[in-house]
> 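Take a look at this one; I'll ask things after.
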Amino acid sequence: MHWSDVIAERLALDGNDHIIATGITPSGEFHIGHLREILTGDMITRAARRAGLNAELVFVVDNADPLRKVYPFLDASYEEFIGHQLGAIPAPDKDGKPDWERFENEGWSYGDHFLKPFLEALKQIGVEPRLIPNLTSYREGKFASSAKKACDDPDAIREIIERVSGRELPTDWFPWQPVDSKGSLDGLTITGYEYPLVMWTDQYGVNGQSDITKGEGKLPWRLDWPAKWGFNNITCEPFGKDHGAAGGSFATGVEIAAFFGHKPPQSLVYEWISLRGKGAMSSSSGNTVGPIEALRLVPPEILRLLIANSKPNKAIEFDTGMGLVNLADEYERLSSRDFTEELSSEKLSRRQRVQIEDAQAALRLSMVSAGERAEATSVSFRHLALLAQIKLRDDGIWSSLKESGAISDPSSVLSDRLTRMRAWIESKHFPEEMRIVILKQPDEASLSKLDEEQRMVIPHIAAELEAAEWTAEGITQAFKNAAIHAEAPMRSMYRACYAMFMGSERGPRLAPILANCIREDVCMLAHACSARLP
RNA sequence: GGGCCUGUAGCUCAGUCAGGUAGAGCGUCGGACUUUUAAUCCGAUGGUCGCGGGUUCGAACCCCGUCAGGCCCGCCA
């Protein structure tokens, strides 16, 4: 059974109505690691609906969280905002400086700035969750009841956190973080509490009061999270392994939720996504691939497949090179399979059956719109990558695909894919081994691997190319002539060609590629190869 | 120190929750297509399931131990 269906089955035991929550702090640029959070939630939601449940996906935007530090992409002037809530400070402009104008005129905040492109990517990828800006929840008093319980009995909360997490809280710890005279959550001393007011003194010596029913502050994270489960009626929430460790915020959250008087959600811990060879993704280190950037390269269904096809507890190494090619080809294969027929076989072992069912579920979850059928393009990513490099114009590709009988007319899926393919080829992510490069200098290593018969053809190739008509047809004819004159089979002739022009043993059809190259360059290379012969 | 996850074919991983003949894809090799857009099709190859013990008629799966790798325990998806 697919992992999403396992969760859906568990949810069904708890009733019919479910709210699946995801939550992210918009502290910097979003990356595909964040996509796992949202997509995991989305896939659970779809699976739950498929199981006949009433399910909704929500995205809690943690814009009540404070700015932790001045990230490299921020101007030094952000120093004054450290400790301030992300939804209450201006967004950085192009230079990383605070954009006061937009902040004051449109209320455009730091959190909005990073959230917006992520939401656009989500839309493309078929995820449109209900947004719950956390700062708004605070200001609307949604946290009031939980905050009151905590402030009325700080010792109970303290006991839970200290016992479950095993760490000691400072003696002046209080379960409410007021906003100080300048807007920061840091460096305050709590001097008293009388519902609904928390009295404080800030680091500048200013005294003030924070109304816990009006969002003049926030709950610390370990209380904030379980409080949200309550008033948002969360029944299920996937979260990263950082929260899932023993003594982590989920463990304390479970008990704190009970203290607040509601049930914790069904949980699912997922592993992180790292960039191949570069370690964990992190917005602050700049070691990221953003969802928008990823979508420029690959279609959304393939990004979805990446998540759907990996169990949540599997760490994913996102590889924008060959890994992406394999993933895309995997998608193509999946979409051309007939699962119904495969499953109708009586001979399947339980194991094989499970495998087929999981593949079917993964493909289903990869669709941008739930319920949509996968459309096989019958052109692999690999193949398209070749064509896109050889033919500079799209119609050239379509006509060549028609000739080979692969397609009759280019579908919108396929032309969309070609657009992204071209972007990918131009990007730094395109793998070198897929790149078609005609050599400039003879490649000694490849030439030396040729046998006697293959070498014999080289001078003939050089001579025939000199005389050839410089078109794909003319060059093909020259190749044939060379083989005939050398009295060698075509196989040997091609081997020699690939060694000469590409430094490889095999490759794509050469004639059309060479026809796009400058004749003098090709001939010079051919003669140079010929001259290297022993 | 406490805890989590991972370890199965050359590679990426299913299969472990419900014990019952070891599975896919990729790769590799071979063949076909009187040689080709790294194509496609067919076939073959390939594993003491990290290691040791235990339970069982039977263990990749359950239990105990152990080794290795990754990670978490202020914040981070």
Side-chain angles (χ1 to χ4, degrees), chain A residues 1-2 6 10 22-25 27-28 30-41 62 65-69 164-167 220-222 238-249 251-252 269-274 279-285 309-317 319 322-323 325-327 329-330 333-334 348-359 362 378-380 382-391 397 400-401 403-406 433-434 436 472 479 483 489-495 497-498 502 504-513:
Chain A
M1 202 181 344
H2 192 264
V6 174
R10 265 185 234 157
T22 58
I24 300 174
T25 306
S27 57
F30 285 70
H31 50 68
I32 52 167
H34 296 110
L35 218 46
R36 188 170 205 175
E37 162 107 5
I38 299 281
L39 280 177
T40 303
D62 282 318
D65 292 1
L67 182 70
R68 287 285 169 212
K69 58 179 175 186
V164 178
S165 78
R167 74 188 167 109
W221 164 244
R222 282 186 187 249
F239 48 86
K241 61 178 179 179
D242 48 327
H243 295 313
S249 50
T252 52
V269 178
Y270 61 85
E271 257 285 354
W272 298 45
I273 297 182
S274 59
M281 225 164 297
S282 152
S283 310
S284 48
S285 70
N309 219 8
S310 313
K311 294 208 297 189
N313 65 3
K314 277 285 179 195
I316 294 178
E317 269 197 26
D319 175 359
M322 280 315 285
V325 180
N326 292 332
L327 184 68
D329 281 348
E330 170 76 14
R333 269 194 304 277
L334 283 174
L348 295 175
S349 67
R350 178 174 150 242
R351 194 169 290 155
Q352 287 169 316
R353 189 167 291 277
V354 166
Q355 202 150 359
I356 295 170
E357 284 169 352
D358 281 358
S378 67
V379 181
S380 76
R382 273 195 153 75
H383 194 171
L384 194 61
L386 283 180
L387 293 174
Q389 289 180 83
I390 296 165
K391 315 259 183 188
I397 294 178
S400 129
L401 282 171
E403 273 167 36
S404 66
E433 60 182 298
M434 295 276 294
I436 295 175
F479 285 159
M490 286 295 275
R491 177 192 287 259
S492 296
M493 200 285 306
Y494 274 115
R495 261 294 165 83
C497 278
Y498 288 114
M502 296 183 70
S504 60
E505 290 182 14
R506 291 187 302 175
R509 188 182 276 177
L510 264 174
I513 300 172

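Numbered from 1 within each chain, the chains take letters A, B, ... in sequence-line order. The structure presented is a predicted model; accordingly, all values stated were derived computationally and were not measured.
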> Roughly how many Å is it from CD in A/Glu271 to P in B/rG69, rounded to a whole number?
17 Å

> Without decimals, in angstroms, what is the distance between A/Leu386 CG and B/rU37 P?
10 Å

> Touch check for A/Phe479, heavy atoms < 4.0 angstrom, all strands: base, sugar-phosphate only, or nothing?
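A/Phe479: no heavy atom of the nucleic acid under 4.0 Å.
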
> When the P atoms of B/rC42 and B/rU48 are compared, how many Å lie between them, rounded to an integer?
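Rounded to whole Å, the distance is 28 Å.
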
> Under the side-chain hydrogen bond (donor to acceptor under 3.5 Å, both in side chains) test, which residues partner A/Thr25, sequence neighbours left out?
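Partners of A/Thr25 by the side-chain hydrogen bond (donor to acceptor under 3.5 Å, both in side chains) criterion, ordered by chain and then number, come out as A/Asp65.
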
> Please classify the nucleic acid contact of A/Thr22 as base, sugar-phosphate, or nothing, using heavy-atom distances under 4.0 Å.
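Since no nucleic acid heavy atom lies under 4.0 Å of A/Thr22, the category is nothing.
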
> Quick one: list whatever passes side-chain hydrogen bond (donor to acceptor under 3.5 Å, both in side chains) with A/Asp358, sequence neighbours left out.
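Partners of A/Asp358 by the side-chain hydrogen bond (donor to acceptor under 3.5 Å, both in side chains) criterion come out as none, since no residue qualifies.
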
> Return the value, rounded to whole Å, for the distance between atom CZ of A/Arg36 and atom C1' of B/rC71.
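Nearest whole value for this atom pair: 14 Å.
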
> For the C1' atoms, the ones on B/rC57 and on B/rG19, what distance do you get once it is rounded to whole angstrom?
12 Å

> Side chain of A/Ile436, heavy atoms from C-beta onward: which of B/rA38, B/rA77, B/rC5 has the nearest atom to it?
B/rA38

> At under 4.0 Å between heavy atoms, which parts of nucleotides 14-25 of chain B does protein reach? Answer with one letter per nucleotide, 5' to 3': B base, S sugar-phosphate only, - none.
BSS---S-SBBS

> Would you kindly give the CH2-to-C1' distance between A/Trp272 and B/rG70, to the nearest whole Å?
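Nearest whole value for this atom pair: 13 Å.
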
> Expressed in whole Å, how much space separates the P atoms belonging to B/rC61 and B/rG53?
13 Å

> For atom P, what is the distance between B/rG50 and B/rC13, given to the nearest Å?
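Going atom to atom, P in each nucleotide, I get 15 Å.
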
> For B/rU55 versus B/rA68, give the span between their P atoms, rounded off to a whole number of Å.
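That atom pair is separated by 27 Å.
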
> Where is the tightest heavy-atom contact between A/Val164 and A/Ala251, given as atom of each residue plus distance?
CG1-CB, 3.7 Å

> Between B/rA38 and B/rC76, how far apart are the two P atoms, rounded to whole Å?
48 Å

> May I have the distance from A/Lys241 (atom NZ) to B/rG69 (atom C1'), rounded to whole angstrom?
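Between C1' of B/rG69 and NZ of A/Lys241: 12 Å.
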
> Say you draw a straight line from CG of A/Leu510 to OH of A/Tyr494; how long is it, rounded to the nearest 0.5 Å?
7.5 Å

> Within this structure, what is the OH-to-C1' distance between A/Tyr494 and B/rU36, rounded to whole angstrom?
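To the nearest whole Å, that distance equals 7 Å.
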
> For the atom pair CH2 (A/Trp221) and CG (A/Asp62), what is the distance rounded to the nearest 0.5 Å?
5.5 Å

> Determine whether A/Val6 and A/Arg10 make a side-chain contact, defined as any pair of heavy atoms from C-beta on separated by less than 4.5 Å.
yes

> Have a look at A/Glu271 and tell me which of A/Lys314, A/Lys241, A/Lys311, A/Arg36 forms a salt bridge (Lys or Arg N to Asp or Glu O under 4.0 Å) with it.
A/Lys241

> Could you pull out the closest heavy-atom pair between A/Pro238 and A/Thr22, with the gap in Å?
CG-CG2, 4.5 Å

> A/Thr252: which residues meet the side-chain hydrogen bond (donor to acceptor under 3.5 Å, both in side chains) condition with it, sequence neighbours left out?
A/Arg222

> Pick the closest RNA chain B nucleotide for A/Glu37 and for A/Gly248 by heavy atoms, then say which residue is nearer the 5' end.
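Its nucleotide being nearer the 5' end, the pick is A/Gly248.
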
> Given pairs defined as Watson-Crick or G-U wobble with both distances under 3.5 Å, what dot-bracket annotation applies to RNA chain B, with ( ) intrastrand, [ ] crossing, | other strand and . unpaired?
((((((((.[[[[.)....(..]]]].(((((.......))))).....[[[[[..)....]]]]])))))))....

> Taking atom C1' in both B/rG46 and B/rC5, compute the distance separating them and give it to the nearest angstrom.
29 Å

> Starting at CE of A/Met502 and ending at C1' of B/rU36, how long is that distance when rounded to a whole Å?
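To the nearest whole Å, that distance equals 13 Å.
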
> Between B/rG74, B/rA38, B/rC71, which one does the side chain of A/Arg167 approach most closely?
B/rG74

> For the pair made of CD in A/Gln389 and P in B/rA38, what is the distance, rounded to whole Å?
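In whole Å, B/rA38 P lies 11 Å from A/Gln389 CD.
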
> Considering residues at least two apart in sequence or located in another chain, which fulfil the side-chain hydrogen bond (donor to acceptor under 3.5 Å, both in side chains) criterion with A/Arg509?
none

> If you only use heavy atoms from C-beta on, which nucleotide in B/rA38, B/rA77, B/rC75 is closest to the side chain of A/Trp221?
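Nearest to the side chain of A/Trp221 among the choices is B/rC75.
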
> Specify the residue among A/Gly247 and A/Arg382 whose closest nucleotide of RNA chain B lies further upstream toward the 5′ end.
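Comparing both residues, the 5'-ward one is A/Arg382.
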
> Among the nucleotides B/rA38, B/rC71, B/rC75, which one has an atom lying closest to any side-chain atom of A/His383?
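Nearest to the side chain of A/His383 among the choices is B/rA38.
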
> Atom CH2 in A/Trp272, atom CD in A/Glu37: separation rounded to 0.5 Å?
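Rounded to the nearest 0.5 Å, the CH2-CD separation comes to 10.5 Å.
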
> Using the C1' atom as the reference point in each nucleotide, state the distance between B/rU21 and B/rA60 in Å, no decimals.
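Roughly 14 Å separates the two C1' atoms.
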
